[in-house]
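Quantities reported herein were computed from a predicted structural model and do not represent experimental measurements. We count residues from 1, following the sequence as given.
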Amino acid sequence: MRIKTKLILSLGLLLALVIGLGIVGGKYIYTLKADTENILIDNYMSLEYAKDMLSALEQPDSNKALKLFESNLKKQERNITEVGEADLTKNLRTEFEQYTNNQFDNKLKTSLRNNLLGIIELNMNAIKQKSEIAKTTANNAFVWISITGTLCFLIAFTLFFNLPSDIANPIKVLTESIKQIAEKKYSKRILLDSKNEFGELAHSFNVMAEKLEEYNNSNVSQLLFEKKRIETLINNMSDPVLGLDEDKKVIFINQEALKILNMNEGECINNFISNLSLKNDLFKLLADSIDIEETTIEPKKQPIKIFANNKESYFEKEVLHISILPTGEEENRIVGHVIILRNVTEYKEVDFAKTNFIATISHELKTPIASIKMSLQLLNNNRIGNLNEDQAQLLASIKDDANRLLKITGELLNITQIESGNIQLSIMPVDPDELINYAINAIKTQADNKKIRFEINRPEVISMIHADNEKTAWVITNLLSNAVRYSHENSVVYITLKEENEQVFISVRDSGMGIAPEYKDKIFNRYFRVPGTRKEGSGLGLSISKEFIEAQGGEISIESEIGNGSVFTVKLNVV
Ligand code: ADP
């Protein structure tokens, strides 16, 4: 039976019984009240009138007695309720009429008394009879009220014991099952075969649990499939890859990585990288790199040299820190790291070949250029013969080109030295004044051609610096050469020397076109030239300068404003 119907029926029955009980009780109380009222009005009053008439007959004052008799007789005449009472009252009236005319007739008086006693007896009998009826009514009331009350009690008792558990038990079972589902126990089912609302609820719950179970199972298999797919993908990658969890424990490693590490999967998986670093140097390098990359903002990437594939191989290492935003949280959390080693051996080999080629060509070109310069010098000599103006001009332009070629081959040779990591430094105490004088002399002709003069600002005393004389001179010459080349004619190039905090600053300031802010960082890159630069050049001078100065532990920087010239500053340590 449905819960709603059950509740309506039981509570409805209870209500009906309470109403029934009220009606039965009310009805009997009303009947009892009517019975007692009847006795009081019908018979008790007649007894009172008869008693008053009897006492009137006995009174000595005849007038007062007759009046009392008369008034009570009238009341009795209006209160005839019993069978035979009317005849007796009528006789009483007749005899009272006679008695008023002859008050000394004792026979009449006795008859009046007998009549009154008759009325009294009649009413007394009636009272007795009516009280019997009231007693029966009371008994009946007791029986019916008891029956209805017992029924009410029985129904209330049954409801009290059954209804709460009928409602609460299925709810308890349901709550328990929902908790199990929340704990991902999707196989949970509710067995309730009742046909009420709870039965329907249990059925819907079972359907939901079944669908959840199906969904969960399909998800797990899908996830397993996806995991397999990703594992296969990582394993088939030609670059070595390994993954670590947040505690830096190896969780996956592909075949290429195992090959270069010379280890097997069992040794690595679920092992801390710190433990593996103890047995394997490459692991140590990788472990260190994670810590460095976690703290450094932009690490400088240097390829790692590893003996792999039977030759010296180069790998560029990339560390990815995997972070996720956990559900309900506000901050990202690192959940692991992936290390990818990109095999760049092929590019390195090509790069070596290119560097070698440039070095060889530059070297080979130097000798013929030097002999060209020598021949030019001879041609300029009057002893071989005089040159006319046109010839002298041609000769001057050949000399310019030869100088430029020499500059470029020199720069190319320098860059090959840097690229192959072979910067040979001979650090010694160097006098900054000498450096500046050397550079000014080297650029003199170039500056004179543009009528540019140099102005030097220096303190009275300046310390010797810790530097490679030749390379630093090359850098200052290059800065002066740039200042001259990128300045207008008839301008001044300022050279400032300054000493501060055990460091010497050499600045070269021109009043040329300046450099736009977006190119300031790029001009130190190899082969970079500010777009639109018309003067000849290779874009190598500043990058070589930076490498040379940094190799000596110094720094090179630029300050420039477009249209307002540039200041290049070299900072080197004092001896
Ligand atoms: P380049 O041989 O082209 O001069 P550099 O490496 O010496 O090569 O300079 C790189 C670029 O920086 C130049 O091409 C030029 O555009 C810019 N540059 C260098 N020095 C100056 C300067 N003093 N004033 C303006 N631009 C300059």
Side-chain angles (χ1 to χ4, degrees), residues 223-224 226-327 329-352 418-423 546-547 550-551 553 555:
L223 282 175
L224 282 174
E226 290 300 333
K227 186 173 172 266
K228 269 248 138 40
R229 179 154 51 192
I230 289 169
E231 275 172 0
T232 317
L233 201 128
I234 293 171
N235 251 337
N236 283 316
M237 273 172 79
S238 56
D239 289 328
V241 179
L242 79 146
L244 309 171
D245 66 8
E246 61 269 47
D247 301 322
K248 298 188 186 140
K249 213 192 275 173
V250 177
I251 45 175
F252 63 81
I253 181 160
N254 73 354
Q255 289 307 318
E256 282 302 313
L258 289 170
K259 235 194 269 175
I260 63 160
L261 284 158
N262 204 13
M263 290 182 88
N264 63 48
E265 202 173 345
E267 288 175 282
C268 305
I269 295 289
N270 280 335
N271 233 328
F272 289 101
I273 197 165
S274 50
N275 291 345
L276 294 165
S277 312
L278 301 175
K279 338 182 197 164
N280 189 303
D281 286 345
L282 185 54
F283 254 125
K284 183 167 168 25
L285 199 89
L286 298 178
D288 292 346
S289 72
I290 298 177
D291 298 333
I292 292 169
E293 299 222 0
E294 261 180 348
T295 49
T296 324
I297 302 156
E298 206 178 89
K300 196 172 175 182
K301 278 190 185 133
Q302 281 293 351
I304 315 173
K305 208 195 290 181
I306 301 168
F307 192 83
N309 305 326
N310 297 324
K311 61 175 179 185
E312 247 181 17
S313 303
Y314 290 86
F315 291 90
E316 237 171 44
K317 172 189 72 227
E318 195 173 337
V319 180
L320 306 172
H321 303 290
I322 314 296
S323 63
I324 56 159
L325 183 69
T327 320
E329 288 185 25
E330 279 175 7
E331 253 178 54
N332 272 349
R333 191 155 51 92
I334 297 265
V335 290
H337 316 267
V338 175
I339 304 174
I340 304 167
L341 294 170
R342 283 212 181 83
N343 194 338
V344 290
T345 316
E346 234 173 84
Y347 306 107
K348 268 277 166 195
E349 282 170 353
V350 173
D351 200 43
F352 278 145
I418 292 165
E419 280 187 353
S420 56
N422 281 336
I423 307 180
K546 188 169 156 67
E547 297 280 355
E550 285 179 357
E555 274 175 35

Checking Ile322 now: which residues fulfil side-chain contact (heavy atoms from CB on, under 4.5 Å) with it, not counting sequence neighbours?
Leu320, Val335, Val338
Kindly state each residue pair satisfying salt bridge (charged side-chain N to carboxylate O under 4.0 Å, His left out) with at least one member in residues 259-283, sequence neighbours excluded.
Glu256-Lys259
Applying the side chain to side chain contact (heavy atoms under 4.5 Å, CB included) test to Phe315, which of Ile340, Val344, Leu282, Ile260 qualifies?
Ile260
Ile304 side, atom CD1; Ser313 side, atom OG - distance, nearest 0.5 Å
12.0 Å
Please assess Val250 against Leu276 for the test side chain to side chain contact (heavy atoms under 4.5 Å, CB included), listing each intermediate value before the final yes or no.
CA-CA 9 Å; Val250 177; Leu276 294 165; 3.7 Å; yes
What is the minimum heavy-atom distance between Asn254 and Met237, and which atoms define it?
ND2-O, 3.7 Å
d(Ile253 CD1, Asn235 CG) to nearest 0.5 Å is 10.0 Å
Taken to the nearest 0.5 Å, the spacing of Phe283 CZ from Met263 CE works out to 5.5 Å
Side-chain donor-acceptor contacts of residues 238-246 below 3.5 Å, not counting sequence neighbours, with atom names and distances?
| residue | atom | partner | partner atom | Å |
| --- | --- | --- | --- | --- |
| Asp239 | OD1 | Asn343 | N | 3.3 |
| Asp245 | OD1 | Asp247 | N | 2.9 |
| Asp245 | OD1 | Lys248 | N | 3.1 |
| Asp245 | OD1 | Lys249 | N | 2.8 |

Using the side chain to side chain contact (heavy atoms under 4.5 Å, CB included) rule, take Leu341 and Glu316 through it: C-alpha gap first, then chi angles, then the decisive distance, then the call.
CA-CA 5 Å; Leu341 294 170; Glu316 237 171 44; over 6 Å; no
Listed partners of Lys228 passing side-chain contact (heavy atoms from CB on, under 4.5 Å), at least two apart
none
Could you pull out all residues at least two apart from Glu555 that satisfy side-chain contact (heavy atoms from CB on, under 4.5 Å)?
Lys571
Using the test salt bridge (charged side-chain N to carboxylate O under 4.0 Å, His left out), find all partners of Glu330 that sit at least two apart in sequence or belong to another chain.
none
Asn236, Ile230, Thr232 screened by side chain to side chain contact (heavy atoms under 4.5 Å, CB included) with Ile234, the one that passes
Ile230
Which residues pass the side chain to side chain donor-acceptor pair (under 3.5 Å) test with Glu312, sequence neighbours left out?
none
With a 6.0 Å cut-off (strictly less than), is the heavy-atom count around CD of Glu226, excluding the residue itself, greater than 12?
yes
Can you measure from CG (Leu325) to CG (Asn332) and round to the nearest 0.5 angstrom?
5.0 Å
Could you tell me which residues satisfy side chain to side chain donor-acceptor pair (under 3.5 Å) with Glu419, sequence neighbours excluded, listed by chain and number?
Lys354, Thr355, Arg526
side-chain contact (heavy atoms from CB on, under 4.5 Å) partners of Lys227, counting only residues at least two apart:
Glu231
Going by the rule side chain to side chain donor-acceptor pair (under 3.5 Å), which residues pair with Ser323 if we only count those two or more places apart in sequence or in a different chain?
none
Just how far is it from atom CD1 of Ile423 to atom CD1 of Ile418, taken to the nearest 0.5 Å?
4.5 Å
Does the distance from a Lys or Arg side-chain N to an Asp or Glu carboxylate O, for Glu349 and Lys311, drop under 4.0 Å?
yes
Report yes if the side chains of Asn264 and Leu258 come closer than 4.5 Å at any heavy-atom pair, otherwise no.
no
How many angstroms lie between CG in Leu285 and OG in Ser277, if you round to the nearest 0.5 Å?
9.5 Å
Tell me whether Lys348 forms a cation-pi arrangement with Tyr314, defined as NZ or CZ under 6.0 Å from the six-membered ring centre and within 45 degrees of its axis.
yes
